[in-house]
Protein chains: 2
Amino acid sequence: MDKAQSRVRGRRRSGEGGAERPAQRDPERTRASILAAATKEFAENGIGGARVDAIAERAGTNKRMLYHYFGDKEQLYLAVLEEAYIGIRSAERSLHLSDLEPEQGVAELAMFTWKYFLDHPEFLSLLGTENLHRARWLRQSTRLKELHSNFIDKLAGLLDRGKAKGLFRTDIDPLNVYLTIAALGYFYLSNQHTLTTIFGRDLADKANIEAWKQHIVHVTLSSIRR
Amino acid sequence: MDKAQSRVRGRRRSGEGGAERPAQRDPERTRASILAAATKEFAENGIGGARVDAIAERAGTNKRMLYHYFGDKEQLYLAVLEEAYIGIRSAERSLHLSDLEPEQGVAELAMFTWKYFLDHPEFLSLLGTENLHRARWLRQSTRLKELHSNFIDKLAGLLDRGKAKGLFRTDIDPLNVYLTIAALGYFYLSNQHTLTTIFGRDLADKANIEAWKQHIVHVTLSSIRR
DNA sequence: CAAGCCAGTAACTAAACGGTTACTTTGTGG
DNA sequence: CCACAAAGTAACCGTTTAGTTACTGGCTTG
C-alpha cells in the first residue's frame, strides 16, 4: 500500500563519511574472503545456525556480494564443502605410499590423516554437518564426484605388497583400513568436548594428543598383521 | 500505534468445530510426547535448524505447552540431551562385565556399544550437535555430572584380570580401549552418508554392518593382546 | 572520452521465528 | 455443585533472517 511512498525515500547520502574501507575492487580477493568467512561460520554453527549477515561481516564485505558471487546460502555452503574436500584430497596426493615399506607406509598414512584432522578442525565440523543432513549437498555435487581420487587404489597397492611379503593378513580390505584410521582420528577430535567433560581427561592436552597418534598407528598395524 | 486496536480483536470462536483431537488432559503423556518430538527434531536438524513450531506439531500439541513444561528452546534441548545420556548409561548398567572371561568381556562391550549406536541414531546426532557447540549444554548440566558411572572402573577391572592372566599387555589404558570401540562405531555410522557417497560402498547394507561389528571386535582385541 | 559493465554499499522487505498473551476447558476437593 | 487450579488453544508480537532493490563509482574498451 505505502510501498510507492517508502520506495521514494532516499537511499544514499553520498559523500557522508568518505571511504571507510578502501574499496577493494578485487573480485578474487573478495570471493576468497567470503569463502573463508563462510567456512568458519558454517563450521562453528552448522548450516542451520550459520548467519548470512555474520559471514558478510567476517568477510569485511556485505550480503550483496555474497549473493553476487555464490547465489544463495545453500550454494555458498556447497562451495565451502567442495573446497574443504579439495583441500584434503590434494594434500593426500603429496603422500607417496608406493615408495615406502608396507608397515612404514601404513604408519605414514595414519600419521598424515591424524595431522590433517588436527590442523583442519573446520573440515571435521563440516563433515559432521553434512552427515547430519545425510550428505544432501555432497550428493548434489558433480565436482566432487569427479574428484574421487585413486586414494584407495594406492592404499590397496601398498597393502598388497605387505601381503606378498607375508607381513599382512591376506583378507584385509583397504577401505576398512582407511576407515579404521579415519575413525580413530575423527572421533577423538570431533567428540573431544563431550568426552573431556564426561571422562574428566583433557583430550586436547598435548601429551594426550601425541599418545593418541601412537595409539592409532599401533591399533591399525596390529589389526592387519599376520 | 494500532496495538490497542489489534488487541481487541476476538480470540476464540468457542464451539466452532468441536474437539478435533480429544483433549488429552494427561500432563505426563504430553511432556513425554514433546520430549520425543524434540529429540527427533534436534537430532535431524541440529540446535540451529530445529524449529519450535515443528516440535509442537510433531508432538501433537502446541508451543504454549512446550514453554509450559520446558521453559524455552535451550532448556528443552538440554532435557533431550540429558535423557539421551541417561538412556545409554542405564543400558550400560545391564552389562555384567565382571562375570565374563577377559577376552569375551571386551568383545561383549564392543558388540553392545555397536548395537546401541546402531539402534539409537538420534543419540549419535545429538552428540555431534553438542560437540559442534563445544559441549556447552553438557557442561552446564549438573544432572549429568552426577550420572557419570563407574563404567570405566568396571572396564578397568576386566582388563586387569586379563593382564593378570597374561592375555593383555600391561600398559593398556581402559579409557583408550573404550575410545577405540566408540570411535569405530561412531564414525562408521555418523559419517555413513558422506562415506557411502565418496567411496561408493553402501555402508548401510546389512552384510557390511555385520562385517564392521566383527571388525570392531577384532581391532579392539588385537590391539590389547600381548 | 563516453558508454557500459562490474564491484560494491546500505537500506529495505516479506516471511519465519522464538516467545507471550488472552482466553477456554476440564478434572477435583471443600 | 461450584470454585479453583492446572491443562490446553490459537492468535498475536517483536525481532531476526534470508534475500532484494536502488543506487554509486571506478575500470575497460570501442
Side-chain angles (χ1 to χ4, degrees), chain A residues 1-34 37-38 41-42 45-57 59-77, chain B residues 1-34 37-38 41-42 45-57 59-77:
Chain A
M1 296 304 174
D2 60 334
K3 216 176 206 170
Q5 196 185 44
S6 69
R7 259 294 129 73
V8 167
R9 255 180 278 164
R11 280 286 164 85
R12 181 175 258 244
R13 309 151 303 271
S14 75
E16 188 181 74
E20 293 147 45
R21 184 192 312 274
Q24 286 183 211
R25 203 95 203 144
D26 187 342
E28 276 315 304
R29 225 173 80 100
T30 302
R31 213 192 108 101
S33 140
I34 291 171
E41 180 74 8
F42 283 121
N45 304 304
I47 196 156
R51 295 292 163 248
V52 169
D53 292 86
I55 294 169
E57 201 186 323
T61 180
N62 63 70
K63 276 197 288 186
R64 179 65 233 269
M65 290 296 94
L66 190 155
Y67 286 96
H68 181 55
Y69 288 112
F70 296 97
D72 64 12
K73 189 185 179 182
E74 297 205 359
Q75 285 175 265
L76 175 56
Y77 168 76
Chain B
M1 295 308 170
D2 60 334
K3 214 176 211 172
Q5 196 184 43
S6 70
R7 259 293 131 71
V8 167
R9 254 181 279 165
R11 280 287 164 88
R12 181 175 258 250
R13 309 152 304 271
S14 74
E16 185 183 76
E20 293 146 44
R21 182 193 311 275
Q24 287 183 208
R25 203 97 202 143
D26 187 342
E28 275 317 304
R29 225 172 79 100
T30 302
R31 213 193 107 100
S33 138
I34 291 171
E41 179 73 9
F42 283 122
N45 305 101
I47 195 157
R51 295 293 164 247
V52 169
D53 292 85
I55 294 169
E57 201 186 323
T61 179
N62 62 69
K63 276 196 288 186
R64 180 62 233 271
M65 290 296 93
L66 191 155
Y67 286 95
H68 180 56
Y69 289 113
F70 295 97
D72 63 13
K73 188 185 179 183
E74 297 206 358
Q75 284 174 266
L76 175 56
Y77 169 75

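Everything quoted here is computed from the prediction, not taken from an experiment.
Within 4.0 Å (heavy atoms only), A/Ala56 reaches no atom of the nucleic acid at all. Looking at heavy-atom distances under 4.0 Å, A/Ala54 makes no contact with the nucleic acid at all.
In this model, the phosphate group of D/dG8 is not approached by any side-chain N or O of B/Thr61 to a distance below 4.0 Å at OP1 or OP2. At least one side-chain nitrogen or oxygen of A/Thr30 sits closer than 4.0 Å to the OP1 or OP2 atom of C/dG8. For A/Asn62 and C/dG8, the shortest distance from a side-chain N or O to OP1 or OP2 is not below 4.0 Å. In terms of phosphate contacts, A/His68 brings a side-chain nitrogen or oxygen within less than 4.0 Å of OP1 or OP2 of C/dA7.
Of the listed nucleotides (C/dA7, D/dA7, C/dG18), D/dA7 has the atom at the smallest distance from the side chain of B/Met65.
Distance CG/A/Asn45 to CD1/B/Ile47: 11.0 Å, rounded to 0.5 Å. Within the model, atoms CD1 of A/Ile55 and OG of A/Ser33 stand 11.0 Å from one another, a figure rounded to the nearest 0.5 Å.
Tested against A/Asp53 for a salt bridge (charged side-chain N to carboxylate O under 4.0 Å, His left out), the candidates A/Lys73, A/Lys63, A/Arg64 yield a single pass: A/Lys63.
With rounding to whole Å, B/Tyr67 atom OH is found 16 Å from D/dT9 atom P. Between the CZ atom of A/Phe70 and the C1' atom of C/dA7 there is a distance of 14 Å, rounded to whole Å. If you take CD1 of B/Ile34 and C1' of D/dA7, they are 11 Å apart, rounded to a whole angstrom. For the pair A/Arg64 CZ and D/dT20 P, the computed distance is 9 Å after rounding to whole Å. One interatomic measurement links the two molecules: CG of B/Leu66 to P of C/dT21, which rounds to 16 Å at whole-angstrom precision. For A/Asp53 and C/dA10, the CG to P distance is 13 Å, given to the nearest whole Å. Remark: P of D/dA6 and OH of B/Tyr69 are 11 Å apart, rounded to the nearest angstrom. One can place CG of B/Leu76 at 10 Å from P of C/dG19, the figure rounded to the nearest angstrom.
Applying the ring-ring contact (aromatic ring centres under 6.0 Å, His included) criterion to B/Phe42, with sequence neighbours excluded, gives B/Tyr77. For B/Gln75, there are no side-chain hydrogen bond (donor to acceptor under 3.5 Å, both in side chains) partners at least two apart in sequence or on another chain.
Residue whose closest nucleotide on DNA chain D sits further toward the 5' end, between A/Arg51 and A/Gly71: A/Arg51.
Checked by distance alone, B/Lys63 brings a side-chain donor or acceptor within 3.5 Å of a matching partner on the base of C/dG18.
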